[in-house]
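Structure first, commentary second.
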Amino acid sequence: MRIDVVTIFPEYLEPLNVSLVGKARAAGRLDVRVHDLRGWAHDRHNTVDDTPYGGGPGMVMMTGPWGEALDQTLADGYEAGARQPVLVVPTPSGRPFTQAVAAELSARPWLIFTPARYEGIDTRVTAEYATRMPVHEVSIGDYVLAGGEAAVLVITEAVARLLPGVLGNAQSHADDSFAPGPMASLLEGPVYTKPPAWRGRGIPDVLLSGHHGKIARWRRDEAFRRTVEHRPDLIEQADPAAFDKKDREMLSILGWQAGPDGRFGRNPDAMEE
Ligand code: JCZ
């Protein structure tokens, strides 16, 4: 996979040299190019922003530098043999970035990120490139960053670990919270490692039992506990066909019951603080 990033803060992307993404690059599975948008500015002050039409606070990133940067980035990529680019634009007004979007992007050969600053990019830029390639405006969460660079780091890491040969074994993804499949829509439960006793705290006996069936069941029960506590919306949205008899027992213990449509909701008679 090839990734181009165009930004006014190339140093902000330094973490892409480290850890999983850095290793994927070193292994030749990922080719990352970071470009300084100011290299395509038109004046001696390297200006890339201007005041918003219609008034209001802040500044807007100008069409000129972005257009030339993207034209050059596309030309260089095609020249190097890259194909089928997707433009990924981090913005708080984008579609939610989810594990499903990460999986979709990981199947593409070429991603071009345009992290903005100020009040964002003149909307004609995405309109223009949307006529040439898929454009994904994505939000990594309901909070407001000062710019899109941190979102590029987040998205790149989520995508890179899905690339073939980057994480190692395929099972590593199958049990991820939010991965499709039998663990779908449940958060992962607690984990333990050595030593077996620490500050008076032990390990649940079942994990030392060697009984793989019981261990799997315990882990799933703990996943339900955590999901009910932290993300009850995931239980409410889950396809009840994904729940077996023991899942239903556990949900009942946790105060949840199936409604008329089969979906689970909190049992109002079992409400605790
Ligand atoms: C540019 N402020 C780009 C994205 N999910 C999310 N939160 N905040 C952003 C974001 C904020 C920005 C810019 C200026 C993305």
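Everything numeric here is computed off the predicted structure, so don't read it as measured data. Ligands are counted one by one from 1 in listed order, and the atoms in each one are counted from 1 as well.
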Counting non-hydrogen protein atoms only, what is the nearest one to [atom]? Give residue, atom name and distance.
atom: atom 14 (C) of ligand 1; value: Y118 O, 3.1 Å
atom: atom 1 (C) of ligand 1; value: A116 O, 3.3 Å
atom: atom 11 (C) of ligand 1; value: L145 O, 3.2 Å

- Cluster question for you: counting only ILVMFWY and a side-chain heavy-atom cut-off of under 4.5 Å, with indirect links fine, are M62 and W40 together? no
- Message: Can you give me the closest heavy-atom contact between D36 and I8, atom names plus distance?
- Response: OD1-CA, 4.1 Å
Numbering the atoms of ligand 1 from 1, which are under 4.0 Å from a heavy atom of [X]?
X: P90; answer: 3 (C), 15 (C)
X: S139; answer: 5 (N)
X: A146; answer: 2 (N), 14 (C)
X: G148; answer: 3 (C), 13 (C), 15 (C)

Quick one: does any side-chain atom of [X] pair with a main-chain N or O of [Y] as donor and acceptor, under 3.5 Å?
X: R95; Y: E137; answer: no
X: Y129; Y: G67; answer: yes
X: D71; Y: E68; answer: no
X: R38; Y: N46; answer: yes

Regarding ligand 1, does [X] bring an N or O atom to under 3.5 Å of one of the ligand's N or O atoms?
X: P92; value: no
X: Y143; value: yes
X: T91; value: no

- Item | Pairwise distance CZ(R161) to CG(L167) - rounded to 0.5 angstrom | 5.0 Å
- Message: Below 4.0 Å, non-hydrogen atoms only: which portion of A151 touches ligand 1? Side chain, backbone, both or neither.
- Response: neither
- With a 4.0 Å cut-off on heavy atoms, does G141 reach ligand 1? yes
- Query: In terms of the angle between their ring planes, are W218 and Y192 parallel, tilted or perpendicular, with boundaries placed at 30° and 60°?
  - Reply: tilted
